[in-house]
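A short worksheet on the structure shown next.
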Amino acid sequence: MRVGIVILPEDRWWAAEPKWRAAEEYGFDHAWTYDHLGWRTLVDGPWFSAIPTLTAAAMVTSRIRLGTFVASPVARHPVPFMRELNTLDDVSDGRLVLGIGAGVDHTHYDGAVLAAPELTPKQRVDRFTEFVEALDGLLMTDKFGFDGEYYRAREARNLPGPVQRPRLPFVVAANGPRTMTLAARFGAGWVTTGKGGETADEWWAGIKQLTEVFDQRLDAVGRDRASIQRFVSLDASPVFSLSSVEAFRDAVGRAQELGFTDVVSHWPRSSSPYEGREAVLEQVASDVLPELH
């Protein structure tokens with residue numbers, strides 16, 4: 001079982017840098033940050049950009065894998081994004097993981113601030129599919145071109161390309177059948193946030209159902225079920241995974257039983273969301289992570 005930690009991009013670098021260093025020193029396998037222009041209840045507070053944050057994190061770490069949790073097409077075009085990803089993969093010496101998802105609707109901040117057009121759920125998945133297909137081609141092929149409904153490019157240059165070959169890994173966020181198919185086709189990993197639920201038991205029951213659907217999607221595209229990493233975002237549950245060491249152990253145990261290879265928690269904050277104590281994080285790092293490894 002591998003364990004990741006999300007560090008929200010809300011602190012000035014003098015305060016954020018020690019967290020990224022500590023994530024590696026504590027023994028986490030991967031560290032992530034949100035790729036939004038602003039996020040939910042935190043939109044009125046400080047917020048920084050994901051790619052520069054991860055680039056800075058790459059300069060103060062050497063082992064831990066780094067990623068977006070998750071990037072989306074809402075505020076991005078695949079061609080300039082490909083350039084940013086290639087650069088970050090180079091700076092990190094091949095430690096970048098692209099967490100990528102469909103994005104939320106136009107009423108959320110990223111879409112609202114850009115006055116983005118209103119899309120139906122089907123259209124959002126159509127756009128996401130086009131975005132993933134374009135990034136896949138752009139990262140692997142120099143002079144790649146495409147002509148889609150949402151994005152176009154002509155002979156886009158990508159030299160020197162990413163450090164990781166044939167390209168950096170995609171971890172595709174998917175809770176629905178069509179996006180799960182996309183994860184099965186293009187993902188080195190699949191990440192889920194579940195189907196909701198009032199209690200932890202309800203949430204985990206939904207996670208179990210999603211794993212069964214994902215297995216079907218892997219079978220449908222002819223992919224070995226063991227060939228893809230499976231991530232679960234623990235803090236989409238009603239119970240914050242780092243509210244206590246016992247809560248973390250319980251969440252990891254449930255994830256293991258369902259066949260997940262990776263879990264992702266959030267660095268505790270002083271207020272909601274993800275309110276908790278860093279002492280719990282430190283105890284998990286000292287007592288639980290060595291057992292999982």
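Quick caveat, the model's predicted, so the values are computed rather than measured.
The structure places OG1 of Thr181 at 11.5 Å from CZ of Phe186, a figure rounded to the nearest 0.5 Å. A distance of 7.0 Å separates OG of Ser72 from CZ of Phe131, quoted to the nearest 0.5 Å. The structure places CD of Glu133 at 11.5 Å from CG of Leu138, a figure rounded to the nearest 0.5 Å. For the atom pair CG (Asp90) and CZ (Arg95), the distance works out to 11.5 Å, reported to the nearest 0.5 Å. The CH2 atom of Trp190 lies 9.0 Å from the CG atom of Leu218; values are rounded to the nearest 0.5 Å. With rounding to the nearest 0.5 angstrom, the CD atom of Gln209 is 11.0 Å from the CG atom of Leu258.
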As a quick check of understanding, evaluate side-chain contact (heavy atoms from CB on, under 4.5 Å) for Phe28 and Ile64, giving each step before the final call.
CA-CA 7 Å; Phe28 286 98; Ile64 195 167; 4.0 Å; yes
Stepwise, does the side-chain contact (heavy atoms from CB on, under 4.5 Å) test hold for Trp20 with Trp267?
CA-CA 10 Å; Trp20 291 95; Trp267 196 284; over 6 Å; no
Show your working on side-chain contact (heavy atoms from CB on, under 4.5 Å) between Phe248 and Val280 and close with a plain yes or no.
CA-CA 9 Å; Phe248 184 80; Val280 173; over 6 Å; no
For the pair Asp29 and His293, evaluate side-chain contact (heavy atoms from CB on, under 4.5 Å) and give the outcome as yes or no after the intermediate values.
CA-CA 10 Å; Asp29 299 284; His293 293 153; 2.9 Å; yes
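The pair Glu257-Lys208 does not count as a salt bridge, with every side-chain nitrogen at least 4.0 angstrom from each carboxylate oxygen. Between Glu25 and Arg21 no salt bridge is recorded (no basic side-chain N to carboxylate O distance below 4.0 Å). A salt bridge does not link Arg185 with Asp136: every distance from a Lys NZ or Arg NE/NH1/NH2 to an Asp or Glu carboxylate oxygen is 4.0 Å or more. A salt bridge links Arg254 to Asp201: at least one charged side-chain nitrogen sits closer than 4.0 Å to a carboxylate oxygen. Ion pairing between Asp287 and Arg249 fails under the 4.0 Å rule for side-chain N and carboxylate O.
Contact of the Met82 side chain with the Arg167 side chain is not registered, since no non-hydrogen atoms from C-beta on lie closer than 4.5 Å. A 4.5 Å side-chain heavy-atom check between Tyr34 and Glu10 finds every atom pair outside the cut-off. By the 4.5 Å heavy-atom criterion applied to side chains, Glu84 and Thr55 are not counted as neighbours. Counting only heavy atoms from C-beta outward, the side chains of Tyr150 and Asp126 approach each other to under 4.5 Å. Between Ile5 and Leu242, some side-chain heavy-atom pair lies under the 4.5 Å cut-off. Residues Ile100 and Phe128 are in side-chain contact: their nearest non-hydrogen atoms beyond the backbone lie under 4.5 Å apart. Residues His108 and His36 are not in side-chain contact: their nearest non-hydrogen atoms beyond the backbone lie 4.5 Å or more apart. By the 4.5 Å heavy-atom criterion applied to side chains, Leu98 and Leu85 are counted as neighbours.
Note: the hydrophobic cluster containing Met140 does not contain Leu135 (ILVMFWY, side chain heavy atoms under 4.5 Å, direct or indirect links). In terms of hydrophobic clustering, with Ile, Leu, Val, Met, Phe, Trp and Tyr side chains grouped at heavy-atom distances under 4.5 Å, Phe240 and Val3 are assigned to a common cluster. Linking ILVMFWY residues whenever their side-chain heavy atoms come closer than 4.5 Å, directly or via other members, leaves Leu8 and Tyr109 in distinct clusters. Taking hydrophobic clusters as Ile, Leu, Val, Met, Phe, Trp and Tyr residues chained together by side-chain heavy-atom distances below 4.5 Å, Leu292 shares a cluster with Tyr26. Val125 is not connected to Val132 by any chain of hydrophobic side-chain contacts under 4.5 Å among Ile, Leu, Val, Met, Phe, Trp and Tyr, and they are in different clusters.
Outside the 6.0 Å centre-distance limit, the rings of His30 and Phe69 are not counted as a close aromatic pair.
Annotation for Asp11 and Phe48: closest pair O-CE1, 3.4 Å, computed over non-hydrogen atoms. Closest approach of Leu37 and Ala75 over heavy atoms only: CD1-CB, 4.0 Å. Between Val172 and Gly187, the shortest heavy-atom contact is CG2-CA, 4.1 Å. Asp110 and Asp35 make their closest contact through OD2-O, 4.3 Å (heavy atoms, listed as atom of the first residue, atom of the second, distance). When all heavy atoms are compared, the tightest approach of Pro73 to Gly101 is CD-O, 3.3 Å. Of all non-hydrogen atoms in Ala184 and Arg217, the two that sit nearest each other are CB-O, 4.0 Å.
Using a 4.5 Å cut-off between side-chain heavy atoms of Ile, Leu, Val, Met, Phe, Trp and Tyr, Met59 falls into a hydrophobic cluster with Val91.
Glu212 CD: more than 12 foreign heavy atoms inside a 6.0 Å radius. Within 6.0 Å of CG in Asp219 there are more than 12 heavy atoms belonging to other residues, nucleotides or ligands. Residue-environment remark: CZ (Arg165) exceeds the threshold of 12 foreign heavy atoms within 6.0 Å. Residue-environment remark: CZ (Arg83) exceeds the threshold of 12 foreign heavy atoms within 6.0 Å. Counting non-hydrogen atoms of neighbouring residues, nucleotides and ligands closer than 6.0 angstrom, the CZ atom of Arg154 reaches no more than 12 such neighbours.
A distance-only check finds a donor-acceptor pair linking the side chain of Glu130 to the backbone of Glu149 [under 3.5 Å]. For Asp262 (side chain) and Gly4 (main-chain N/O), no donor-acceptor pair under 3.5 Å exists by modelled atom type. Listed for the Arg63 side chain is a donor-acceptor partner under 3.5 Å among the backbone atoms of Glu24. A donor-acceptor pair under 3.5 Å is absent between the side-chain atoms of Arg40 and the main chain of Leu42, judged by distance alone. Between the side chain of Thr192 and the main chain of Gly194, a donor-acceptor pair closer than 3.5 Å is present. Of the possible donor and acceptor atoms, one in the side chain of Thr261 sits under 3.5 Å from a partner among the backbone N and O of Arg230. Looking only at distances, a side-chain donor or acceptor of Gln164 sits under 3.5 Å from a matching main-chain atom of Leu96. Side-chain atoms of Trp203 come within 3.5 Å of backbone atoms of Thr193 as a donor-acceptor pair (strictly under, hydrogens ignored).
The aromatic rings of His77 and Tyr151 lie perpendicular to each other, with more than 60° between the two planes, well past the 30° mark. Trp39 and Trp47 have parallel rings, their planes meeting at less than 30° on a 0 to 90° scale where 60° marks the start of perpendicular.
Side chain to side chain, Thr33 and Thr53 fail the donor-acceptor criterion of an N or O pair below 3.5 Å.
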